[in-house]
Structure formats: structure tokens, C-alpha cells
Amino acid sequence: MSRKRKSRVNLNRDDRWRVVLTDTSPFEVPIIVSNDGFYKNLHGMANKSAHFQEMVNALLLMDDGKSYTVPLRYNIVKDSRSVRTLSLLHPKGQVILADFYHKYEELICEYSGRGSFSIRAPKKVGSSFFVPSSVQDKNQYKNATVDTAELDKLVRNPASYFAYSGFERLYKFFASSDHIRLEKKFRYQLSLDISKCFDSIYTHSMAWATKSKEEAKENTFALSFGNQFDKVMQRLNHNETSGICIGPEASRIFAEIILSKVDQNARQNLEDKNPPVRDGVDYECRRYVDNYYVFSNDPATAEQVEHELSIALREYNLHLNTGKREFEKRPFYSKKSLVIDEINKSLGAHWEKLFEAVPLSAGGTRALLPKYIYKYRSLFGKFTREVKAACFSSDLGYDAVANYVIGAVRRKAIDIADGYIDLVALKDSPVVDRDYRQMFFFLLDVGFYFFTLHPTVASSLRLSHAIVRAAQHLQDHDPEGFAILKEASLRWASQLARAPSFEGLFSKNSVIPIEILNILVSLQQFGGDGQLEHELIALAKLDRQSQGYFELVVKLFIYGDRPEFTDQRNEIWDFICKRVSSEKYLNRDSEAVHLFLDSLACPYLDRAKRAKLLRASWNKIGANSGKITGAKAEALIDEIQQQHWFVRWDGIDLLNMIEKKELSSVYA
């Protein structure tokens, strides 16, 4: 295997704007959308022109403490039967959150840590984080147009603003020594789930959780932590008190504080029973966000704990989902664990046939070298049948395994590409006559197959990572193979858009297909003329009349400044102008302001038209000067274009962007 080193990145704890890199935006957005440019613009305000500062102050920074913002709501597919509604917060709302964090970061940790059940809670403000460094050290993905190393570190997203206690992923708990200890100690495991947790949270209950309910009701307007957090969450969400925005890490922290109090109350109520039901003796409970796991030696005790949790939740207008209740007797081994173990065996056997590990030094480090595939279709068919058999025997669908298999494909694509760098430097390099082209082809073939069966945002990132990594390697070392893989990838993507799973996805007009948008973006690594991508846009029905922010910016990114797509760019521009003009208050509507700022910074759109839109919108921005001349508007457009906002239009390093997205995936 290739060397696996990690590089420590130290963080500035006084950096108030770091919050917008970590805690204010959903993970499920297209690859090219991030808060990196937003963060840099906030940091660089002192060096901006007077008109730039006036625009940003009016749109994002001026705060009367009362006005609300309207998030961009969008749906993604949750499973074959349901969707999940996420929220992209208005940039002004994200600034409000950053100010709140800066003021109350210690109390956030204090209140989050008061319960004893949670296995994922903020512990302290993060001071550093680690990233894989073998690739970075080789500097193999960099080019002259990307950020300098220091600036890249500045915006390379750590997982979150806070350092967390417990487990960053739920599966790590089930593989932990703690879970092994619990299985030794207790015979039964009861799994519970809070029904529509974030949709059901009543924002005023934050004050109940940080004070008593009675005290909170008597001091509704007090400037307490609970009341302030309540008001912030309302202001992010159209002043709604019922439900909170789903997606940002800040919302999980809000829920964590409330559920920490629920845990406290349930635990105390069990202690007060006669005889008492004791935590650590009669039962133990673990909670990961909105999932509870109760361990006991007596089913009746587990039911008592469930009952008290139900009562404690009800006090905060929350309820358990009876449809997701699972009661297991030792051994605690789920159907999903069974199918993953079976697939691991199959993967292990196939990897032995496909790769060999070559020693790099006496110290034991190894690099991965591909073997020749003699019966390609036979091997492909054998592996997919084994996965199918594992799913069938465990009574689970492809949704339980597809992301896992694609993750394994991604890992191998990285390993052989990294291994090549290590092995080619050896005196008698073994990479000669090895068919890297064929191996990348096989890995992506498998990846596209399982992604087509069950597409998710997380798996689209993993597949995109494999696509970009393979394309970069072949472009550098095998130009002919690069052309072959390019043709194959476009064919696979075309088949993807026609697949029943995506047909069902696109038939739901209310769903934003982030999955296919990510694949479309990753195909840009092949540097084509955009024609096939344009055909894929039509196949995916992304040219429909109902246009949203994500579809518009991805299409604009794909079309670039190519002359043959002038009509498409004009159509997108007309829609953007119509959307921005229809909004009375740009400092309120999230979608309108995202479109406004990103389009002003887009070099593919006519400069004069952008200046005209800026002038027409100046009053809606709320700028103090009231009007801006044509010359000053054009000068401001030039300044805005120097630093992107949410979409990096040119000079993009796709691999870097994908790695940031994967690093930001803190909730699974």
C-alpha cells in the first residue's frame, strides 16, 4: 500500500469567519458550490473598495437584530420512497450564526455536554485538524491557477468548528471497544429513532432546555443564551418557530443541546423510580444525534427506559418513531453488518486477483500495482453476482451496499495512482508493461454500475473522486488511455441518465438531482467540448423550465465561455435577471442573493450586462448611496470578478474541491 501520512493544520481560534467554512452550509450541494470564496471575501473586506464594502455591508453585514432571512429550500432523494428537505442559508444568516458562535462558543459546549447519553457532542473549539499529506507533499494535483499552499490550508475545511467528543460516524460506534463492552455486559439492544426530529423542534424549547420551562416562559425577552439561540434559528428560517433548517451543522448543535436536556430528564426520572433504574447498572444508553441505543439484560428494563425517553421527548414536542423500533438479542449483528461482511470477503478475494503489493523499503511500506485482467467481463459479472447474492441472503437492497462498494473503488483508484508515483521512482521500476488503463477502466465500470443502481450524494462524490483521479493519472502518463477512458466515462454517464433509478429521480420535479450534477462536473476533468455534457443535461431534464440555483450554476460552469453555447448562456442569464428582479429584498432571499453574487462574479457572462444588473439592483441591496453610475458599476464588476463567491468559475482544481466536500461530510 502507498504511504499514509497525515499533515496537521493549525487553526486560528480567533477567526470568527471560520464558522462559514464548517457549520452553516449543507454537505449536499454540488462540487463547485462552497463557502470558500464567501469566507475570503469576508476576510478581505478591509482591502476592498468603498462600493464593494457598501454592497457587502448592506447585503450581509448590517444587522438590526430583528430582520429575518429566507433559506433556499430544496429536496434531495432520501430513499426510494421519500425525499429530504434541506436548507441553504442566506449568507447574511450565516454571518448571524458566525457572530453567535463567536459570542457563545463556550456555552455551546457547556450545554451540549450536560447529558450522559450522547456519543457526538461539541467539546471545545477546534484548534487543529489532520488531512492526508502524501498526495499534498508530492504536489501532484496543483497547477498555477489554484491557491497558494497557505491560502489552501486556510480554506481546506476541517470537519467542523468544534472538536467533538465521541464518534464522528455512527458506524465507528458499532465497531468500537465501547460497543464490544456493552455487548459483553448486556443481552439486549433496543434501537429507537426520533420521528422527524429537526422538522418537529420548537425553537422556543431551546430556552426550556437551558433554563427550566417555567423560568423560560416567565422571562421570554431576557437576553439569555437560550433566548438568543432561539431568535437566531428563527431569523435563519423566515421567523418560523416550528422546525429548524436541515443541513447546517449549527442545526445539529441546536438539536444536541435540547436532546442533552431530554437525556438528563429521562435519566433522572429513571433514578427516581422505586426501585431506581440505574444508568450503568440496570441499563446503558447511547444517543447519536436523533438515534437512541438502549442496552439492558431485561426486556422490561429496556421498555422502561424507552417509556421515560418518550415522556421526556414529549415535553419538548418530540416523539419516537415506532416504525423504526428494533429490539435485538445478543449477538448484536444487523442485516447490514452481515451484508457488508460478505461484500468485504468478496472485495478481498477480488483485490488479491487484481493487485499486488510491492515493498518500497525495508521499513515495510508498500505500493499497490495492478495485475492484468484476463477475463474482464467474467470477473465483472462474478463480482456483481456476489454482491447481489449477499444482498439477497441478507434481505437487503442495493441501497445498503452501493455507497460502500463505490467507496472501495475510490480507495483503490487512489491507491494505484499514488502507488505509481512511488514505484516509478524505483531503480528497476515494476510499473513498466503494467496496464493501469485497464484497471482504471474496470474500477470505474464497477463504480458506475453500483451508482446507477442506487445514486446518493455521498456516492456521487466518491465516484467523482475516482473519475477525476483516474483522468489525471492517464492524462499525465497515458494520453491514449485518457482518450479511451473519456469516451467510456461519457458513455457510462449517458447510460446513467437513462437508467430507471434516475428516470424516477428526474420525474420528481421537486427534487434537485445533486447526484447527476456532481457527475457532470467531474466529467469536466476530461476537458471535452461540452457537447456530450449538453446532451446529458437534456437527458437528465436539467433543461426544464423550472430552474433552480444549483442547476443554473452547474450548467453555466459546464458551458463556460464556449461560443457554441451562447444561446444557452443567454437563456440562463435571462432567468437569473428575472429571478433577481422579482425579489423585493435581496438581503432576505437566499436563492436570489446566491444567484446575484455568483452571476456578478462569473467571467462567462457579458460584463456590460452584469454591470446593468448591478445598477438595477442597487436600491434593492439597501446601499446607502441609492445609485451607482455605469462606470463605477463596471469597475465594481471587475473587482467582484477577482474573487469568486460561492462558485469558483475558473482555475478550479476539481480533486481539491471533492476532497474538501468529503472532509466536510461529518454526519453519516
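Scope of the values below: all heavy atoms of this structure, side chains included, with no hydrogens, waters or symmetry mates. As the structure is a prediction and not an experimental result, all values here were calculated from the model.
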message: Can you list everything that forms a side-chain hydrogen bond (donor to acceptor under 3.5 Å, both in side chains) with E256? Sequence neighbours excluded, please.
response: S118, R287

message: For L443 and I416: C-alpha separation, side-chain torsions, deciding distance, then whether side chain to side chain contact (heavy atoms under 4.5 Å, CB included) applies.
response: CA-CA 11 Å; L443 290 171; I416 61 171; 4.3 Å; yes

query: CG of L490 to CD1 of I519: how many Å apart, nearest 0.5 Å?
result: 12.0 Å

- request: Return the set of residues passing side-chain hydrogen bond (donor to acceptor under 3.5 Å, both in side chains) with R84 (not counting sequence neighbours), or none when no residue passes.
  value: none

- prompt: At what distance, to the nearest 0.5 angstrom, does CD1 of I512 lie from CD of E551?
  reply: 4.0 Å

query: Which pair of heavy atoms, one from L496 and one from I516, lies closest together, and at what distance?
result: CD2-CD1, 3.6 Å

- request: With sequence neighbours left out, write down each residue that passes ring pair (Phe, Tyr, Trp, His ring centres under 6.0 Å) with H473, or none if nothing qualifies.
  value: Y420, Y436, F440, H477

message: How long is the straight-line distance from CZ of R562 back to OH of Y559, given to the nearest 0.5 Å?
response: 10.5 Å

field: Exceeds 12 heavy-atom contacts within 6.0 angstrom, atom CD of E487
entry: no

- prompt: Are F441 and W492 close enough that their ring centers fall under 6.0 Å?
  reply: yes

query: Is the centre of the Y376 ring less than 6.0 Å from the centre of the F442 ring?
result: yes

message: Quick test of your reading: applying salt bridge (charged side-chain N to carboxylate O under 4.0 Å, His left out), list the pairs with at least one residue in residues 445-460, sequence neighbours left out, ordered by first then second residue.
response: R377-D445

message: Among residues at least two apart in sequence or on other chains, which ones pass side chain to side chain contact (heavy atoms under 4.5 Å, CB included) with T456?
response: N403, H454, A458, S459

message: Taking NZ in K123 as the centre, count heavy atoms belonging to other residues, nucleotides or ligands within less than 6.0 Å. Is the count above 12?
response: no

task: State which residues pass side-chain hydrogen bond (donor to acceptor under 3.5 Å, both in side chains) with S25; sequence neighbours excluded, sorted by chain then number.
output: none

- prompt: Who passes salt bridge (Lys or Arg N to Asp or Glu O under 4.0 Å) against R330, sequence neighbours left out?
  reply: none

field: Residues Y374, Y372; criterion ring pair (Phe, Tyr, Trp, His ring centres under 6.0 Å); working and verdict
entry: CA-CA 6 Å; Y374 289 97; Y372 184 77; 4.9 Å; yes

- prompt: Quick check: does any side chain N or O of S394 sit under 3.5 Å from a backbone N or O of C391, one acting as donor and the other as acceptor?
  reply: yes

message: Please confirm whether the ring centroid of H179 lies under 6.0 Å from the ring centroid of F295.
response: yes

- request: Might you work through the side chain to side chain contact (heavy atoms under 4.5 Å, CB included) test for M657 and L461, ending with a clear yes or no?
  value: CA-CA 10 Å; M657 294 294 291; L461 282 176; over 6 Å; no

- request: Apply side chain to side chain contact (heavy atoms under 4.5 Å, CB included) to N344 and list each qualifying residue two or more places apart in sequence or on a separate chain.
  value: I340, L347, Y404

message: Closer than 3.5 angstrom, by distance alone: can the side chain of S393 be matched with the main-chain N or O of A389 as a donor-acceptor pair?
response: yes

- request: For E284, check salt bridge (Lys or Arg N to Asp or Glu O under 4.0 Å) against everything at least two apart and list the hits.
  value: R181, K185, R286

- request: List the steps and the verdict of ring pair (Phe, Tyr, Trp, His ring centres under 6.0 Å) for F646 and F38.
  value: CA-CA 6 Å; F646 307 99; F38 178 32; 5.3 Å; yes

query: Does the distance from a Lys or Arg side-chain N to an Asp or Glu carboxylate O, for D418 and R469, drop under 4.0 Å?
result: yes

Rounded distance (nearest 0.5 Å) linking atom CZ of R252 with atom CG of D290: 10.0 Å

query: Is there a donor-acceptor pair closer than 3.5 Å between any side-chain N or O of D561 and the backbone N or O of Y604?
result: no

- prompt: Is the side chain of D193 donor-acceptor paired with the backbone N or O of N291 at a distance under 3.5 Å, no angle test?
  reply: no

- line: I343 and V387 have their tightest heavy-atom pair at CD1-CG1, 4.0 Å

task: State the CG-CG distance between L423 and L368, to the nearest 0.5 angstrom.
output: 9.0 Å

message: Going by the rule side-chain hydrogen bond (donor to acceptor under 3.5 Å, both in side chains), which residues pair with S464 if we only count those two or more places apart in sequence or in a different chain?
response: none

message: Closer than 3.5 angstrom, by distance alone: can the side chain of D422 be matched with the main-chain N or O of A367 as a donor-acceptor pair?
response: no

query: Ignoring hydrogens and geometry, is there a side-chain-to-backbone donor-acceptor pair from Q475 to F526 under 3.5 Å?
result: no

- prompt: Would you call the rings of F383 and F450 parallel, tilted or perpendicular if under 30° counts as parallel and over 60° as perpendicular?
  reply: perpendicular

field: salt bridge (Lys or Arg N to Asp or Glu O under 4.0 Å) involving K353 - partner list, sequence neighbours excluded
entry: none

query: Are E515 and R462 ion-paired here, with the side-chain N under 4.0 Å from a carboxylate O?
result: no

- request: Return the minimal non-hydrogen interatomic distance between E183 and P331, and the atom names on each side.
  value: OE2-CA, 3.2 Å

Ion pair R411/D415, N-O distance below 4.0 Å: yes

statement: The salt bridge (Lys or Arg N to Asp or Glu O under 4.0 Å) partners of D478 (sequence neighbours excluded) come to R437

message: Can you tell me if E328 has over 12 outside heavy atoms packed within less than 6.0 Å of its CD?
response: yes

query: Just by modelled atom types, is the K486 backbone N or O under 3.5 Å from a matching donor or acceptor in the S489 side chain?
result: no

- prompt: Q438 side chain to I373 main-chain N or O, any donor-acceptor pair under 3.5 Å?
  reply: yes

- prompt: Any sub-3.5 Å donor-acceptor pair from K371's side-chain atoms to E352's backbone N or O?
  reply: yes

query: Any ion pair linking D36 and K660 (charged N to carboxylate O, less than 4.0 Å)?
result: yes

statement: Heavy atoms of A400 and K336 approach each other most closely as O-CE, 3.4 Å

query: Above 12 or not: heavy atoms from other molecules or residues under 6.0 Å from OH of Y333?
result: yes

field: D15/Y39 under side chain to side chain donor-acceptor pair (under 3.5 Å): CA gap, chis, key distance, verdict
entry: CA-CA 11 Å; D15 180 6; Y39 170 84; 2.5 Å; yes

message: Which heavy atom of T22 sits nearest to which heavy atom of E249, and what is that distance?
response: O-CB, 4.1 Å

task: Keeping the roles fixed (side chain from N41, backbone from H644), state whether a donor-acceptor pair exists under 3.5 Å.
output: yes

message: Would K172 and E168 count as a salt bridge (Lys or Arg N to Asp or Glu O under 4.0 Å) here? Give the steps.
response: CA-CA 8 Å; K172 291 188 176 182; E168 61 182 9; 2.6 Å; yes

task: Quick one: closest heavy-atom pair of L485 and A471, and the distance?
output: CD2-N, 4.4 Å

task: Measure the OG1-CG distance between T24 and L88 for me, rounded to the nearest 0.5 Å.
output: 9.0 Å

message: Is the ring pair F173/Y293 parallel, tilted or perpendicular, if the boundaries are 30 and 60 degrees?
response: tilted

